[in-house]
A.B. asks: 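The structure is given below, and queries will be raised subsequently.
Model, not experiment: these values are computed from the prediction. Both ligands and their constituent atoms are indexed starting at 1 by order of listing. Hydrogens, waters and symmetry mates are skipped; everything else that's a heavy atom, side chains included, is used. Sequential numbering from 1 along the given sequence is applied to the chain's residues.
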Amino acid sequence: MALVAARGTLLRAGVRLGTEAAACGRNGTRRSASHRVLVEPDAAAGIATIKFKNPPVNSLTLEFLTELIICLEKLENDKTFRGVILTSNSPGIFSAGLDLREMCGKNPAHYAEYWRAVQELWLKLYVSNMILVAAINGASPAGGCLMSLSCDYRVLADNPRYKVGLNETLLGIVAPFWFRDTLVNTIGHRASERALQLGLLFPPAEALQVGMVDQVVPEDQVHSTALSVITQWLAIPDHARQLTKSMMRKATTDNLIKQREADIQNFVSFISRDSIQKSLQMYIEKLKQKKS
Ligand SMILES: CCCC/C=C/CC(=O)SCCNC(=O)CCNC(=O)[C@H](O)C(C)(C)COP(=O)(O)OP(=O)(O)OC[C@H]1O[C@@H](n2cnc3c(N)ncnc32)[C@H](O)[C@@H]1OP(=O)(O)O
């Protein structure tokens, strides 16, 4: 049902599914999605690289989320691909997370549709049968960090500007329970509590130390390192690895699935509060002023 809603959004956004399908095709040549998701398939290796291309900062707009969801679903269904690298087409920014403008000044129906898409992307990533490796080649706050935490392995470029973390409290908002659970499953309870309360954004060395990423490498080696990690993981029999992944992650996703509608209602009522709208507007203003 969620995918039907997502397809509806995509069609309303004017995205042609035929073009999207071509972008996720199994041909070994580089193909370009018409919009925000580039897919570089390597059918011989069974690996596809997804590059985020939603300038200026790869924020998760509804259209971008929808394209990502459909692209992941196509790759998942195409048994050619057993491994996927997630990275940015604009080195410097992996993803700025949820698009603040999607959560500001809109109506409840929009917030509900948006949040359902955010949930859907997380579900697609977190229990994907494919091996997902995040090649983090830029800053990755909040929802950007969540995407990488949902992968099986994270490689971060060694650049002090490329901070990762769930910084929601700094915006005056609260990371939902499934963001928290994803973080706890990665770095443990105590480190998560500190990181979440303080909205910490970790530079590479600290991110590695706390376990937020698995490897920090020079910027020009992020993609090759991600490839070699996937190659190692591909050597494990798929069925055994997939069942193990599911065993480790299913309780976390089931928790959201069983309260999905309530989670949407919570989000809508939280984000619609005047005080939260003001906080978000002030944060957007602060981002603008940073430039001047
Ligand atoms: C129950 C509620 C739970 C909701 C959960 C939310 C999770 C989230 O993901 S909330 C989003 C949190 N994201 C951030 O805090 C990131 C904010 N952005 C930045 O820190 C920086 O932009 C950057 C480090 C990502 C990049 O810095 P850089 O100097 O290269 O670019 P900027 O000049 O700051 O930005 C360019 C342009 O992009 C706009 N922008 C930045 N982030 C977002 C965003 N998340 N959504 C929408 N738009 C964003 C920024 O305002 C600039 O726009 P203008 O050119 O129009 O000024």
A.B. asks: Go through the structure and list residues passing ring-ring contact (aromatic ring centres under 6.0 Å, His included) with Y114, not counting sequence neighbours.
C.D. replies: none
A.B. asks: Can you find an N or O of I271 that's nearer than 3.5 Å to an N or O of ligand 1?
C.D. replies: no
A.B. asks: Does a donor on one side chain and an acceptor on the other come within less than 3.5 Å for N54 and T61?
C.D. replies: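 Side-chain D/A pair, N54 to T61: present.
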A.B. asks: Can a donor-acceptor pair be found, under 3.5 Å and without considering hydrogens, that links the side chain of E168 to the backbone of V174?
C.D. replies: no
A.B. asks: Tell me, which protein residue and heavy-atom name are nearest atom 4 (C) of ligand 1, and how many Å apart are they?
C.D. replies: I173 CD1, 3.7 Å
A.B. asks: Test F94 against every option in V164, V57, N137 by the side-chain contact (heavy atoms from CB on, under 4.5 Å) rule and name the one that passes.
C.D. replies: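 Answer after filtering V164, V57, N137: N137.
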A.B. asks: Does L171 have a non-hydrogen atom less than 4.0 Å from ligand 1?
C.D. replies: yes
A.B. asks: Does NZ or CZ of R36 fall inside the cone over F64's six-membered ring, less than 6.0 Å from its centre and within 45° of the axis?
C.D. replies: no
A.B. asks: Could you find the nearest protein heavy atom to atom 27 (O) of ligand 1 and give me its residue, atom name and distance?
C.D. replies: K290 NZ, 3.5 Å
A.B. asks: Considering only residues two or more places apart or on different chains, which pairs with a residue in residues 267-277 satisfy side chain to side chain donor-acceptor pair (under 3.5 Å)?
C.D. replies: Y111-Q277
A.B. asks: Quick test of your reading of the structure: of V118, D263, I93, T61, whose heavy atom lies closest to atom 26 (C) of ligand 1?
C.D. replies: I93
A.B. asks: List the closest protein heavy-atom neighbour of atom 11 (C) of ligand 1: residue, atom name, distance to the nearest 0.1 Å.
C.D. replies: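 Here the nearest protein heavy atom works out to L98 O, 3.4 Å.
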A.B. asks: Within the 4.0 Å heavy-atom shell around G143, which atoms of ligand 1 are there?
C.D. replies: 8 (C), 9 (O)
A.B. asks: Using distance alone, with no hydrogens and no angle criterion, decide if T252 and N185 have a side-chain donor and acceptor under 3.5 Å apart.
C.D. replies: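 There is such a pair (donor and acceptor under 3.5 Å, judged by atom type) between the side chains of T252 and N185.
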A.B. asks: Name the closest protein heavy atom to atom 46 (N) of ligand 1, giving the residue it belongs to and the distance to 0.1 Å.
C.D. replies: L100 N, 2.9 Å
A.B. asks: Short list, please: which atoms of ligand 1 are under 4.0 Å from a heavy atom of D99?
C.D. replies: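 Within the 4.0 Å cut-off of D99, ligand 1 contributes 46 (N), 47 (C).
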A.B. asks: Going by atom types alone, do E261 and Q265 pair a side-chain donor with an acceptor below 3.5 Å?
C.D. replies: no
A.B. asks: Whether the W115 and N266 side chains hold a donor-acceptor pair (N or O, under 3.5 Å, no angle test) is what I'd like checked.
C.D. replies: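 W115 vs N266: no donor-acceptor pair found between side chains.
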A.B. asks: Which residue owns the protein heavy atom closest to atom 18 (N) of ligand 1, what's the atom, and how far is it?
C.D. replies: L287 CD2, 3.7 Å
A.B. asks: Can you find an N/O atom of N167 closer than 3.5 Å to an N/O atom of ligand 1?
C.D. replies: yes
A.B. asks: Regarding T182 and W122, is there a side-chain donor-to-acceptor distance under 3.5 Å anywhere?
C.D. replies: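 Looking only at side-chain atoms, W122 and T182 do form a donor-acceptor pair, the distance falling under 3.5 Å.
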A.B. asks: List every atom of ligand 1 that sits less than 4.0 Å from any heavy atom of K288, numbering the atoms from 1 in the order shown and giving each element.
C.D. replies: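 Here the atoms of ligand 1 in question are 56 (O), 57 (O).
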A.B. asks: Starting from atom 2 (C) of ligand 1, which protein heavy atom do you reach first, and at what distance in Å?
C.D. replies: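 Nearest neighbour among protein heavy atoms for atom 2 (C) of ligand 1, to 0.1 Å: V174 O, 3.7 Å.
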A.B. asks: Can you sort out which atoms of ligand 1 are near F270, meaning under 4.0 Å from one of its heavy atoms?
C.D. replies: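 Contacts of ligand 1 toward F270, numbered from 1: 1 (C).
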A.B. asks: Write out the residue and atom name of the closest protein heavy atom to atom 36 (C) of ligand 1, then the distance separating them to 0.1 Å.
C.D. replies: V57 CG1, 3.9 Å
A.B. asks: Judging by distance only, is a nitrogen or oxygen of R101 under 3.5 angstrom from one on ligand 1?
C.D. replies: yes
A.B. asks: Quick one: does K250's side chain get under 4.5 Å of V127's, heavy atoms only?
C.D. replies: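 No; the side chains remain at least 4.5 Å from each other.
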A.B. asks: Identify the protein heavy atom lying closest to atom 33 (O) of ligand 1, giving its residue, its atom name and the separation to 0.1 Å.
C.D. replies: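 Ranked first by proximity to atom 33 (O) of ligand 1 is K291 CE, 3.2 Å.
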A.B. asks: Assess, by modelled atom type and distance only, whether the side chains of H223 and T87 contain a donor and an acceptor separated by less than 3.5 Å.
C.D. replies: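 Judged by distance alone, the side chains do not pair up.
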A.B. asks: Considering only heavy atoms of P56, which atoms of ligand 1 have at least one such atom less than 4.0 Å away?
C.D. replies: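 The list of qualifying atoms is 37 (C), 38 (O).
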A.B. asks: Taking the minimum heavy-atom distance to atom 13 (N) of ligand 1, which of P141, A142, A96, G97 ranks first?
C.D. replies: A96
A.B. asks: Can you list the atoms of ligand 1 that are under 4.0 Å from a heavy atom of Y283?
C.D. replies: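 The atoms of ligand 1 under 4.0 Å from a heavy atom of Y283 are 14 (C), 15 (O), 17 (C).
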